[in-house]
Each structure stands twice: as C-alpha cells, then as structure tokens.
Number of protein chains: 2
Amino acid sequence: MVEQLNDLDATFGALSDPSRRAMLAELTLGERSVSDLAAPLSMSLAGASKHVQVLERAGLVRRRKHGRQQMIALDAARLKRAHDWLDKYRVFWSSAHYALEQALKEEKSDEHGRSA
Amino acid sequence: MVEQLNDLDATFGALSDPSRRAMLAELTLGERSVSDLAAPLSMSLAGASKHVQVLERAGLVRRRKHGRQQMIALDAARLKRAHDWLDKYRVFWSSAHYALEQALKEEKSDEHGRSA
DNA sequence: TAATTGCTCAACCATAGGGTTGAGTATATC
DNA sequence: GATATACTCAACCCTATGGTTGAGCAATTA
C-alpha cells in the first residue's frame, strides 16, 4: 500500500469543491466554453474561470482555443488514478470485510467470556 | 449525473493531503493510536492530532477511547461513496471511450475534407 | 501522592482557496 | 474603425488549512 504519485493532492483537492464537480458533470455531455460552465453557477465569470484553471492544473480538463472561446474538455485519466487509489480500500467496505469485523468482535467477546 | 450529497466536499478535501492519505494507509493494517499515526510523519503530535480530527469530521475514521489512548479505526463507507462518484466517469477513461474520441476526430477531419 | 504519558485545546503564523470587482486583451461583428 | 464578446489577470477581502508552541487535563505508573 505505497503512495504512488502526489498529483493525487491536486486531483482530490480539485474534486473537493462542488462547483468544480458540477463542471466535470457538465463536461461529460461534451466540450463546453468557460461561459457555458459559468452559467449555471451563480458566480462571476472570473470566479468560474479560476475554477477551470484549478481543474486544468490538476489535469482533469484540457482546453482548446476556438476563436475567442476557450473550449474545455474532460480528461479522465487522473480520475482513473484517483479511482484506482480508492479501489485499494475496496475490501474495507465490502461485505466480506464487514463479516470479518463481526468475527473479530465475537472473538473479543469470547476473550471476555474465557479466562483472559 | 446528479450531485448526490455534499459530504463529498469533506471526503475529497480530507483525501487531498498526503499525510492524511498516509494515515489511512496505515489504518488498513489495523487500529492505531494518534501517536502511532504521528510517528512516521515528522510532525508535532498536535499537528497529527489535527489531521486525525479532519479525517474524523469527514467520517473516514472512528475513534475509541482505550485508557489514555485514542484508538483510531478506518471507516471506509465514505471512501465507497467517493469511489462510486468516480465510477460514473469510468466510461471516459475506458478504452471504449478512447475509441469513440478517435472516431469523433476522424469525423471532424471528414468535415474539413468535404465542402463544409 | 507524584511523575509520566497521551493526548487536546488555544493562540498564533504563513499560505492557499473561494469569491469579488475593475481593467486589459484578443477575437468577432457591425 | 468602433463596438461587443469571451475571456484572463491583478488586486483585494475573508476564511480555511497546515503547521508550530505552550499549557492543561486525564489516565497510567512509580
């Protein structure tokens, strides 16, 4: 269980804000301009622009100039990295592990029941 | 693709720090005291204690008093939530999706090749 | 009872984060 | 050429975050 690369810092940091998660959700529907992404957010354009920059620095989106628009597209590779990281913990939320936890609890009760 | 609950803010926020991810990794090996968690981190005990509090507020760990020690245990339910959220993006990093992206690029080239 | 251990809390510091407004730049339209 | 559009940048504000030290409390050990 070794820490691989710390762009996880940036990835998880970017994902910790609901406005940015909303942007990513919007981007699953296709490329969007910064204004498109800003529209549903009740926030200044400059504010939304900063969120896009955070997503870009985290490598979660790419941008492409198209005239005076900046077209933003999802780049899911880092999401996969985060998903992979979380996947290492799968056993700890799986039913098998809950069963193990129960078994350990019973074992502990037995210890109390016995002499020790 | 609707945002479900915003404890994702706290979960992803907690995961964005390498010290806290290291703590979680350590906790996969079993319960640990705050001092145990602090030891490998080259940080004051108070500092580590604050990290544990962040993990606890995010619901990623539980604590149990054991004498004068605070035993910390992993609670993976919120990790599952985060994993589930990321899973919605799986199609965007799957090879099928890359194939789709390629197809779209070719289509765009065709447009240039044709009259439009 | 006294001393030690395992913490937490409060105060503080420096930096980052989320937001704003105002100005500036580049492209598109009239 | 003038104007509107789609941004970005800089400055600023306030709050949060990551870290420290010093004090204090609760439980264990001597």
Side-chain angles (χ1 to χ4, degrees), chain A residues 3 6-27 30-73 78 82, chain B residues 3 6-27 30-74 78 82 116:
Chain A
E3 201 60 47
N6 61 351
D7 51 20
L8 284 172
D9 290 25
T11 301
F12 284 129
L15 293 180
S16 71
D17 184 272
S19 300
R20 289 192 294 261
R21 289 199 307 275
M23 285 180 166
L24 292 178
E26 179 69 23
L27 289 171
E31 272 192 340
R32 291 291 185 269
S33 71
V34 177
S35 302
D36 290 340
L37 293 174
L41 288 187
S42 66
M43 180 188 301
S44 70
L45 184 60
S49 175
K50 281 170 73 169
H51 279 303
V52 172
Q53 287 173 50
V54 171
L55 289 170
E56 193 183 17
R57 263 183 275 124
L60 299 180
V61 303
R62 282 164 290 146
R63 77 203 304 153
R64 181 174 66 84
K65 283 200 68 169
H66 178 64
R68 61 188 158 182
Q69 297 192 117
Q70 299 281 335
M71 300 308 292
I72 313 297
R78 298 288 170 86
Chain B
E3 199 62 43
N6 61 350
D7 51 21
L8 284 171
D9 290 25
T11 300
F12 284 129
L15 293 180
S16 70
D17 183 272
S19 300
R20 288 192 293 261
R21 290 199 305 278
M23 284 179 167
L24 291 177
E26 179 68 23
L27 289 171
E31 273 192 339
R32 291 290 185 268
S33 72
V34 177
S35 302
D36 289 340
L37 293 173
L41 287 188
S42 65
M43 179 188 302
S44 69
L45 184 61
S49 175
K50 281 170 73 170
H51 279 303
V52 172
Q53 286 173 50
V54 171
L55 290 170
E56 193 183 17
R57 262 183 276 124
L60 299 179
V61 303
R62 283 164 291 146
R63 77 204 302 152
R64 180 174 68 83
K65 283 201 66 168
H66 178 65
R68 63 188 157 184
Q69 297 192 119
Q70 299 281 337
M71 300 308 292
I72 313 296
L74 188 62
R78 299 288 171 87

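Since we're looking at a predicted model, the values are computed, not measured. Below, read A as the first sequence line, B as the second, and so on, with proteins coming before strands; counting in each chain starts at 1.
For the side-chain hydrogen bond (donor to acceptor under 3.5 Å, both in side chains) with B:Glu31, the lone residue among B:Arg64, B:Arg62, B:Gln69, B:His66 that qualifies is B:Arg64.
Protein atom CE of A:Met23 is 12 Å distant from nucleotide atom C1' of C:dG18, rounded to whole Å. Per the geometry, CZ belonging to B:Arg63 stands 9 Å off C1' belonging to C:dT8, to the nearest Å. A straight line from CG of A:Asp17 to P of C:dG18 spans 5 Å, rounded to a whole angstrom. One can place NE2 of A:His51 at 6 Å from P of C:dG18, the figure rounded to the nearest angstrom.
Looking at A:Arg21, its side chain does come within 3.5 Å of a backbone N or O of A:Leu15 through a donor-acceptor pair. Between the side chain of B:Ser49 and the backbone N or O of B:Leu45, no donor-acceptor pair lies under 3.5 Å. A:Arg20 places a side-chain N or O within donor-acceptor distance of the main-chain N or O of A:Gly13, the cut-off being under 3.5 Å.
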Applying side chain to side chain contact (heavy atoms under 4.5 Å, CB included) to A:Ser19 and A:Met43, what does each step give before you reach the verdict? CA-CA 10 Å; A:Ser19 300; A:Met43 180 188 301; 3.7 Å; yes

Go through the steps for B:Asp17 and B:Val54 under the test side chain to side chain contact (heavy atoms under 4.5 Å, CB included), then give the verdict. CA-CA 10 Å; B:Asp17 183 272; B:Val54 171; over 6 Å; no

Evaluation steps, side chain to side chain contact (heavy atoms under 4.5 Å, CB included), between B:Val61 and B:Leu24: CA-CA 8 Å; B:Val61 303; B:Leu24 291 177; 4.0 Å; yes

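Residue whose closest nucleotide on DNA chain C sits further toward the 5' end, between A:Val54 and A:His66: A:Val54. Comparing B:Lys50 and A:Ser16 by the nucleotide of DNA chain C that holds the closest heavy atom to each, the one mapping nearer the 5' end is B:Lys50. DNA chain D is contacted by both B:Arg57 and B:Leu45; B:Arg57 maps to the nucleotide lying nearer its 5′ end (nearest heavy atom per residue).
Close to C:dT8, at under 4.0 Å from its OP1 or OP2, lies no side-chain N or O of B:Arg68.
Among the protein residues, A:Gly67 comes within range of the sugar-phosphate backbone only, with heavy atoms under 4.0 Å from sugar or phosphate atoms but none that close to a base.
Note that the first and last nucleotides of DNA chain D, 5' to 3', having any atom under 4.0 angstrom from a heavy atom of chain A are D:dA4 to D:dC9.
Take B:Glu26 and apply the side-chain hydrogen bond (donor to acceptor under 3.5 Å, both in side chains) test, not counting sequence neighbours, and it matches B:Arg32.
For the pair A:Val34/A:Arg63, a side-chain contact is recorded, criterion being any heavy-atom separation below 4.5 Å from C-beta on.
Against DNA chain C, the stretch residues 33-44 of chain B makes heavy-atom approaches under 4.0 Å through B:Ser33, B:Val34, B:Ser35.
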